[in-house]
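Okay, structure first, notes after.
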2 protein chains.
Amino acid sequence: MNDSGDGEGTERAAPSRRKDARRNKATLLEAAAAVFVTSGVEAPVRDIAARAGVGVGTIYRHFPKRADLIIAVYRHQVDACAEAGPALLASGATPHAALRQWIDLFVDFLVTKHGLAAALHSDDAGFDALHAYFIDRLVPVCSELLTAAAGAGEIDSGIEAYELMRGVGNLCIGADNDPRYDARRLVGLLVTGLRRPR
Amino acid sequence: MNDSGDGEGTERAAPSRRKDARRNKATLLEAAAAVFVTSGVEAPVRDIAARAGVGVGTIYRHFPKRADLIIAVYRHQVDACAEAGPALLASGATPHAALRQWIDLFVDFLVTKHGLAAALHSDDAGFDALHAYFIDRLVPVCSELLTAAAGAGEIDSGIEAYELMRGVGNLCIGADNDPRYDARRLVGLLVTGLRRPR
DNA sequence: GCAGAAACGGAACAGCGTTCCGTATTGTCT
DNA sequence: AGACAATACGGAACGCTGTTCCGTTTCTGC
């Protein structure tokens, strides 16, 4: 939602009155990104604070909910994914193929972020904002692709974009460090299942 | 794994030397089942202890890992599900239809157990035994159904039973209290996606 | 009844997210 | 430059988890 964004692109809120605050916020984002890679997005807040060389209070001042920090770290990648949707749709292939490619993009993103998929669907209230951000950003794109595919007669299942996105997200849970579980293959089957039988 | 099972069906371990211990174990199972319905399988241990009128120590003596308690509560239902597999296969329909029906059974079970699906795929080490129990019990059944369907030429995807079961389980996460997410429909699409294109 | 074994209860510990407040830093105004 | 708010900081403290530990109670076989 709102935030006291610094150079973070599309924000309008005042970029904080003090230099040290801005610097700390940037340091925190870097540290969080690094820790997320190592220990997953559920890493202890204290670890992130330690890595950034600040106190835990500083984290909560800049990112009141843990979800805000996660969103800030991954915002660019989520936005890039969202923007890839229309591009794929315009790039020649059939709408169903574009949908498949777009979903692959999303799966690749999720699978490489240890624990993100799990956090995304945690029923912990603290993650509501994270859930909402992903939904807000990606569901409309998915909906557009779905509508195009339906319009082209390639799919007929009355599935909603929200449901499909949640299903894909769920399939990505725990998809790292288990060689016997390949989320990409299962998501592929799910997308295949959408196709109109002919 | 092993346990000091009381009247719990297929156990062979000694049924405990003392009457109060047996009674407490039974009380604990009842209390846990009740609390799981109300608050989900991740309910605080203290809540279960309080409901049963015992101390937390007593829980840990009977069920050293939290997973052991969950397994004990749901063992009968999981076994029933496992046993339904061969029955469905023998009951007339095509193997693919039997697979679909069996998976529906599993999904119905999971979806009605608040938080079970999530616990099942938690990477928390304490839930390893739970994970292992479900896998041990259900993967062979699923494998049988899958093989039969492949033998009948109905599916050709080289998917493993383990992967399919995990996918189905993942799709069931958070499937309660969200009217916009119907795990059954998504699992249906996944199973449809298995079918050989012809 | 009486050991002694078995089981109990809950205090105590460790690890987590989050809040709070005394202290330090910064920007500004004179 | 000096001083005074305003702002931000650090980390102790709180409340909630799961889990362990041990002094006390209860049972069982003799």
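Bear in mind the structure is a predicted one, so any value in this text is a computation, not a measurement. Here is how names work: the chains are called A, B, and so on, in the same order as the sequence lines, proteins then strands, and each is numbered from 1. What's counted below: heavy atoms across the whole structure, side chains too, no hydrogens, waters or symmetry copies.
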How many whole angstroms separate atom [atom1] of [X] from atom [atom2] of [N]?
X: D124(A); N: dC16(C); atom1: CG; atom2: P; answer: 15 Å
X: I70(A); N: dG17(C); atom1: CD1; atom2: P; answer: 11 Å
X: D20(B); N: dG9(C); atom1: CG; atom2: C1'; answer: 13 Å
X: R22(B); N: dA6(C); atom1: CZ; atom2: P; answer: 14 Å
X: K65(B); N: dT20(D); atom1: NZ; atom2: C1'; answer: 13 Å
X: F63(B); N: dT20(D); atom1: CZ; atom2: C1'; answer: 18 Å
X: K19(B); N: dC27(D); atom1: NZ; atom2: C1'; answer: 8 Å
X: R23(A); N: dT26(C); atom1: CZ; atom2: C1'; answer: 11 Å

Measure from the side-chain heavy atoms of P44(B) and tell me the nearest of dT17(D), dG17(C), dT26(C).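 Of dT17(D), dG17(C), dT26(C), dT17(D) is nearest to the side chain of P44(B).
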Looking across every strand, which nucleic acid part, if any, lies under 4.0 Å from A50(A) by heavy atom: base, sugar-phosphate, or nothing?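 If one applies the 4.0 Å heavy-atom cut-off, A50(A) turns out to touch nothing in the nucleic acid.
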[X] and [Y]: which non-hydrogen atoms are nearest, and at how many Å?
X: A119(A); Y: V41(A); result: CB-CG2, 4.0 Å
X: P140(A); Y: I135(A); result: CD-O, 3.5 Å
X: L186(B); Y: G167(A); result: CD1-CA, 3.7 Å
X: C142(B); Y: L99(B); result: SG-CD1, 4.5 Å
X: E163(B); Y: R180(A); result: OE2-O, 3.5 Å
X: A43(A); Y: V35(A); result: CB-CG1, 3.4 Å

Using a 4.0 Å cut-off on heavy atoms, which residues in residues 52-60 of chain A reach DNA chain D? List them by number, or say none.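 Residues of residues 52-60 of chain A that come under 4.0 Å of DNA chain D are, in numerical order, G53(A), V54(A), G55(A), V56(A), G57(A), T58(A).
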If you compare every side-chain N and O of [X] against the phosphate oxygens of [N] (OP1, OP2), does one of them come in below 4.0 Å?
X: R61(A); N: dC9(D); result: yes
X: H62(B); N: dA7(C); result: no
X: R66(B); N: dG18(D); result: yes
X: N24(A); N: dC9(D); result: yes

Given the structure, check if the side chain of R46(B) and the base of dG18(D) hold any donor-acceptor pair shorter than 3.5 Å.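 Flag set: donor-acceptor pair detected.
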Is there a donor and acceptor pair, one atom on the side chain of R18(B) and one on the base of dT26(D), closer than 3.5 Å?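 Such a pair exists between side chain and base.
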Assign the ring pair Y74(A) / F109(A) to parallel, tilted or perpendicular, where the plane angle (0 to 90°) is split at 30° and 60°.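 It falls in the perpendicular class, over 60°.
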In terms of the nearest nucleotide of DNA chain C, which residue is placed more toward the 5' end: A21(B) or D47(A)?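 Between the two, 5'-proximity favours A21(B).
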